[in-house]
There are 2 protein chains.
Amino acid sequence: MRGNGALDLLGRSANCATEQEETAAGDSVSDEAARRRVTVHDVARAAGVSLATVDRVLNGRPGVRSATAEKVEEAIKTLGFSRDLNASLMARSRDLSVVFFIPDGSNEFMDALAEAVSRRAGPALSDRMHLSTQRIRALDTGALAAGLDALDPRSCDCAVIVTSEEPDILAAVEAATRRGIAVMTLVSDLPGSNRRHFIGIDNVAAGRTAASLLGRFLPQGGTVAVIAGSLHLRDHLERLEGFRQILSADFSTIDLLGPFEGHDERQETEALVANLLAENPKLSGIYNLGAGNAGLVSALKISGRAGNLRVIAHELTAPTREGLRNGAVDVVLDQNPDGEIREAIAAARALALGTSRTVATDPIEIGIFLRDNLR
Amino acid sequence: MRGNGALDLLGRSANCATEQEETAAGDSVSDEAARRRVTVHDVARAAGVSLATVDRVLNGRPGVRSATAEKVEEAIKTLGFSRDLNASLMARSRDLSVVFFIPDGSNEFMDALAEAVSRRAGPALSDRMHLSTQRIRALDTGALAAGLDALDPRSCDCAVIVTSEEPDILAAVEAATRRGIAVMTLVSDLPGSNRRHFIGIDNVAAGRTAASLLGRFLPQGGTVAVIAGSLHLRDHLERLEGFRQILSADFSTIDLLGPFEGHDERQETEALVANLLAENPKLSGIYNLGAGNAGLVSALKISGRAGNLRVIAHELTAPTREGLRNGAVDVVLDQNPDGEIREAIAAARALALGTSRTVATDPIEIGIFLRDNLR
DNA sequence: CCAATATTGAGGTACGTGCCTCATGACCTA
DNA sequence: TAGGTCATGAGGCACGTACCTCAATATTGG
């Protein structure tokens, strides 16, 4: 850092030499480097209007004749112009603000989602994104709707919600969208609403995967019990559907017992499993497609049969991790909350560009965890 | 877009009202919004120097006394200043350029990596990142070293390499680093080098997972054959190690046959598997921890025993997908090339900030695929 | 046709950083 | 002490966008 004035001169002349090298060697590099970024200036020139007009069109400000606006929009399409989100946020000296509405309660998976948000909040800040979380009492659709209604488009660009399908939520999503707030659904979709994007796993595939694994785990056949949280939940129903589908198609020697409802509660699930084990001494497997895994693991341990039957559960949380480690649980299907939040953030940026109505994100893979690949 | 001058006024007054609401309701939001970003100006003020000096320190330009430089660096630490990468790239009107060196040849996994790069190249451009790929003849360390040596720090900020451990590569990495190019390893690490980051899966865990699944698939015990590409490859050895570890610890009724070497070649692997099947009519499973899966699937199909033994392979490519679909392969362990490229890009940005010597990325999960959760 | 209004253009400042020039002062050496 | 080098400051222009003001047209209604 000191006394390298001479080095600097040396560096310059060296650069001149390598410049030629580069041009000779890597044509593609210099070609693409030369292709300048399309800016608002280019759009203005192409449309034959001033910068101010382009700006008015881009930001939906009044005072532009529709004929002129069309000229501008055509130029944007022709040139393939896309607003530079970073420059835009910088100019407004305003972060892109995303609010996550996540159910509160005893559900550890939801806690994992919330943790993933706060883990990414810091790093996201350096990309000019402000992430915040609001925990909503589970299944309290009124509270969620109120939360959405309270969002001010000037302090919130995008809302991400985890919700079941309810009319008042649909209305709130509609209203938020009209105010200019993009709404995305997470984990469970809201078909028929005008949410801009959905991020979650394919729950039918998850159910199929569970059946496929259990089938291979039990080549001699046997009886497998299925436990759901509630048969009113879309994702649980989908998992059940996939599970049944593969069992009946590929594993006819396996009998299905249930489904039972544990209501995603620790104690209820524990009682349910204890009862199941007592009444079915020859039970060879359990698929818990809902939550309440602490109860599942505890009942297995108390019964003394942990490790003697094949068990598959959902979501990699503290109780399922413990189950994997002590052998009570064989496989955990995980919906990768961290990846979901990552994609939600990416989608929020894409939506902020506002180029297209829909946005593409990487699909969320179903994570399959055994004791041996626990992260 | 037209005639909403009145609406605009309406919007403004409404905003004034909701502003108070917001301040009352969500304190955290307005608090954090008020916390201004730390800029070079703040650093200059805190260090009691001019902007030019801060700039000289930040960009390693000469002409700063070490005592002054220390003052600046202390101010940076105290304020927690971090260069705004987007503003920086914008000011230089220069994209962050990352070059991926990916082995060429018949390896479909490497093709998947290259495809992932080009798939992300477009979107990355809008974050001012320029991704390019150079295919290097597989195992041609000379070519890779030459490629690294040819990189000009003015047109390349970061190199990502897939390589085995060779002395000439180590030297080339060292040289590139000294020229100011950050080097990252992908898939297989290069310990002892000064690569800035490694992105890949835990291959020991992958081997353990394969053993754990096969063990559960074969509750009656049996004989399982193991095929590697080459026992000179670090990742293959690690997988074998993990596989043996779990098999001997947890599944004593399973006998291991091999390891055999198929050299990641289709034909060699096909002959190997055909021979294995012919000589071991009671073989109950195969774990191919290397490539050459087209040969594996073809031999199984020809033998007529596809579906009668449990088969686990690596990397979700065309032949393994086909194997999953037609039942010849039960499980594919995948190292998620797309995720690896995603994290490589994220790491390259983090390295460009140059704040810390090391960088944290999301770990790459081992993907476990059955026919039922194929993406 | 004139006045009122709507539309458009020109240009400035800001955001945070990079990079350049020029001027000033401190220090060292002959 | 003069001449030189070195360290530092001051300030400007650029990147791509947002947002503002003011002036200059264009259009419309009466």
Side-chain angles (χ1 to χ4, degrees), chain A residues 1-6 8 12 36-45 47-72 76 79 81-96 125-128 154 352-354, chain B residues 1-6 8 12 36-45 47-72 76 79 81-96 125-128 154 352-354:
Chain A
M1 202 163 295
R2 319 187 43 196
N4 43 355
D8 190 43
R12 277 158 194 271
R36 228 177 25 77
R37 170 178 306 271
V38 179
T39 75
V40 280
H41 299 266
D42 303 315
V43 174
R45 208 176 313 120
V49 300
S50 75
L51 240 113
T53 300
V54 173
D55 183 74
R56 287 187 262 256
V57 172
L58 275 176
N59 297 291
R61 268 184 280 276
V64 182
R65 214 164 7 195
S66 54
T68 315
E70 273 170 39
K71 274 198 300 180
V72 172
I76 290 175
L79 297 179
F81 168 82
S82 170
R83 190 203 304 262
D84 182 326
L85 184 57
N86 291 308
S88 164
L89 291 172
M90 190 168 91
R92 287 187 286 178
S93 55
R94 179 186 188 291
D95 284 2
L96 203 66
L125 224 47
S126 75
D127 281 331
R128 291 197 141 77
R154 290 179 316 107
L353 278 176
Chain B
M1 202 164 296
R2 319 186 44 197
N4 43 353
D8 190 44
R12 277 158 194 273
R36 227 177 26 78
R37 172 178 303 272
V38 180
T39 75
V40 279
H41 298 267
D42 303 315
V43 173
R45 208 176 312 118
V49 300
S50 75
L51 234 94
T53 301
V54 173
D55 183 75
R56 287 188 262 255
V57 172
L58 273 177
N59 296 292
R61 267 185 281 275
V64 181
R65 216 167 5 195
S66 54
T68 314
E70 272 171 40
K71 273 197 302 180
V72 172
I76 288 175
L79 297 178
F81 167 82
S82 170
R83 188 204 305 263
D84 182 326
L85 184 57
N86 292 309
S88 165
L89 290 171
M90 190 169 91
R92 287 186 287 178
S93 55
R94 180 186 188 292
D95 284 2
L96 203 66
L125 224 46
S126 75
D127 280 331
R128 293 196 138 78
R154 291 178 316 108
L353 278 177

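Just so it is clear: chains get the letters A, B, ... in the order the sequence lines come, proteins before strands, and each one is counted from 1. Below, all heavy atoms of this structure are taken into account, side chains as well, without hydrogens, waters or symmetry copies.
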OP1 or OP2 of [N] under 4.0 Å from side-chain N/O of [X]:
X: Thr53(A); N: dG9(C); result: yes
X: Arg61(B); N: dC19(C); result: yes
X: Ser88(A); N: dT17(D); result: no
X: Arg65(B); N: dT8(D); result: yes
X: Arg128(B); N: dC15(D); result: no
X: Ser93(A); N: dC15(C); result: no

Which nucleotide wins on minimum distance to the side chain of [X], given the candidates [options]?
X: Ala87(B); options: dC15(C), dT17(C), dC15(D); result: dT17(C)
X: Ala91(A); options: dG16(C), dT7(C), dA18(D); result: dA18(D)
X: His41(B); options: dG18(C), dT8(C), dT17(C); result: dT17(C)
X: Arg92(A); options: dC15(D), dA18(D), dT8(D); result: dA18(D)
X: Ala52(A); options: dC19(D), dA14(C), dG9(C); result: dG9(C)
X: Arg56(A); options: dT17(C), dT8(C), dG16(C); result: dT8(C)

Any base atoms under 4.0 Å from [X], or only sugar-phosphate, or nothing? Heavy atoms, all strands.
X: Asn59(B); value: sugar-phosphate
X: Asp84(B); value: sugar-phosphate
X: Asn86(A); value: nothing
X: Arg83(A); value: sugar-phosphate

Establish, from distance only, whether the side-chain atoms of Arg92(A) and Asn59(A) form a donor-acceptor pair under 3.5 Å.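 There is no such pair (donor and acceptor under 3.5 Å, judged by atom type) between the side chains of Arg92(A) and Asn59(A).
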Using 4.0 Å as the upper bound for N to carboxylate O, is an ion pair formed by Asp42(B) and Arg36(B)?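 Between Asp42(B) and Arg36(B) there is a salt bridge, with a charged N closer than 4.0 Å to a carboxylate O.
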Member of Val49(A), Val40(A), Val43(A), Val72(A) meeting the side-chain contact (heavy atoms from CB on, under 4.5 Å) criterion with Val57(A): Val72(A)
Could you pull out all residues at least two apart from Arg128(A) that satisfy salt bridge (Lys or Arg N to Asp or Glu O under 4.0 Å)?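 Arg128(A): salt bridge (Lys or Arg N to Asp or Glu O under 4.0 Å) contacts with Asp84(B).
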Could you say whether Met90(B) or Ser50(B) is positioned toward the 5' end of DNA chain D, judged by the nucleotide with the nearest heavy atom to each? Ser50(B)
Difference in axis direction between the ends of the helix from dC1(C)-dG30(D) to dA30(C)-dT1(D), five pairs, 10°: 30°
Expressed in angstrom and rounded to an integer, what is the separation of Leu58(B) atom CG from dG16(C) atom P?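 After rounding, the gap between these two atoms is 15 Å.
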